[in-house]
2 protein chains.
Amino acid sequence: MTCLSRQELCKKLRDNGYKVTPQRLAIYEELAGTDSHPTAEALFKKLQRNNPYMSFATIYKAMGILVKIGAVRMLNTGETSSRYDARMDEHYHVQCTCCGRVYDIFDLPTEKLTQAVTKQSGVKIQNSDFYFYGICKNCQ
Amino acid sequence: MTCLSRQELCKKLRDNGYKVTPQRLAIYEELAGTDSHPTAEALFKKLQRNNPYMSFATIYKAMGILVKIGAVRMLNTGETSSRYDARMDEHYHVQCTCCGRVYDIFDLPTEKLTQAVTKQSGVKIQNSDFYFYGICKNCQ
DNA sequence: CTCTCTGCAAAATTTTTGCACTGCT
DNA sequence: AGCAGTGCAAAAATTTTGCAGAGAG
């Protein structure tokens, strides 16, 4: 997994003027340790086991910060709640329309797309999100 | 605009077992007549002028149906509320991170991407959503 | 020691649901 | 006439906010 080490995360937090707290580390490490692209609620349930006083507010506040400093991304697959992903290397997402699972996809030839978007719209692209939907192997 | 004519929409509703009502026609025509990718709230405010008794519940129920029968798509740009789009021809979206406006993009070479996703994940892709983010011409 | 962060509860927002009444077909 | 659809209000679900006390630097 290409996520941040604890040391790198601490540095990133401090460099951006945020404090390092056990909650933020626990939230990040829980997220970095799964490839299930969990929602805030899923994270909360997992974290509660080891951190009985973990609260939703803390998760949402931490996520806001982690997204802002570029340690985490937020996924909008069209479900009612957002999902989170600690992998920040360039990749994309496929969701199974049957079971809802979200899989990672790598190495898509997207450079021409971004160029075409810039050319067509005049918008200087800062980042992009690609979502694919279909029936996964398990559900076929 | 490549949206449905009133006649086509009526047929599509009936073919899928839904009734044609003035509210559904008004909602669809309002959406088809703009390229602003409005939220439910924005649609509601516009529709209220001519239909003072239009309600939110009706908009959400109608949208559910219109999405299901393939007359409308829902956009998830990462904002708190969903946006809607009556254009069903293949196209993509760029959002300005400054003003929030959403622009349409056409003719992207995406075939290889979809093939790569199928090959890599084994998921048979049914559809996809591409979102690009950057600073638009107006805001530059 | 200061000032940010946490946890709780309450609030805000968006979307969904239940139900009596309306009105399309 | 029958039954789906509308509108209202209340409920549900997710996310945000305010504040007192705890804890990082």
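In what follows, every chain begins at residue 1, and chains take the letters A, B, ... in the order their sequences are listed.
Checking each of A:Asp104, A:Asp129, A:Asp85 against A:Arg73 for a salt bridge (Lys or Arg N to Asp or Glu O under 4.0 Å) leaves exactly one that passes, namely A:Asp129.
Residue B:Met74 contributes atom CE, which lies 7 Å from atom P of C:dT15 at whole-angstrom precision. To the nearest angstrom, C1' of C:dT6 lies 13 Å from CZ of A:Phe44. Regarding A:Lys45, its NZ atom lies at a distance of 9 Å from the P atom of D:dT14, rounded to whole Å. At whole-Å resolution of the value, CG in B:Leu66 and P in D:dG5 are 12 Å apart. To the nearest angstrom, P of D:dG23 lies 16 Å from CG of A:Leu25. In this structure, NZ of B:Lys19 is placed 13 Å from P of C:dG23, rounded to the nearest angstrom. When the C1' atom of D:dT6 is taken as reference, atom CG of B:Leu47 falls 14 Å away, rounded to whole Å. Counting to the nearest Å, the P atom of C:dA12 and the CD atom of B:Glu41 are 15 Å from each other.
Dashed line: the shortest gap from a side-chain N or O of A:Arg14 to OP1 or OP2 of D:dA24 is not under 4.0 Å. Taking only side-chain nitrogens and oxygens, A:Arg24 comes nearer than 4.0 Å to OP1 or OP2 of C:dT6. For C:dT15, neither phosphate oxygen OP1 nor OP2 lies less than 4.0 angstrom from any side-chain nitrogen or oxygen of A:Thr80. Proximity of A:Gln23 to the phosphate of D:dG23: no side-chain N or O atom is located under 4.0 Å from OP1 or OP2.
Distance from the side chain of A:Lys61 is smallest for C:dG7 among the nucleotides D:dC8, C:dT15, C:dG7. In this structure, the nucleotide among D:dG5, C:dC19, C:dT16 sitting nearest to the side chain of B:Tyr60 is C:dT16. Among the nucleotides C:dT14, C:dC8, D:dG5, the one closest to the side chain of A:Ala57 is C:dC8.
Distance alone, capped at 3.5 Å, places no donor-acceptor pair between the A:His93 side chain and the A:Tyr131 backbone.
Judged by closest nucleotide on DNA chain C, A:Ser55 is the one of A:Ser55 and B:Pro22 placed further toward the 5' end. Residue B:Thr58 is the one, among B:Thr58 and A:Ala40, whose nearest nucleotide of DNA chain D lies closer to the 5' end (criterion: closest heavy atom).
Taking the charged nitrogens against the carboxylate oxygens, B:Arg87 and B:Asp89 do have a contact shorter than 4.0 Å, which makes a salt bridge.
B:Phe56 comes within contact range of no nucleotide atom at all, as no heavy-atom separation falls under 4.0 Å. Within the nucleic acid shown, B:Ser82 comes within 4.0 Å of sugar-phosphate atoms alone, with no base atom in reach, counting heavy atoms only.
For the pair B:Lys61/B:Ile65, no side-chain contact is recorded, criterion being any heavy-atom separation below 4.5 Å from C-beta on.
Side-chain contact annotation: B:Gln126 with A:Thr97, donor-acceptor N/O pair under 3.5 Å present.
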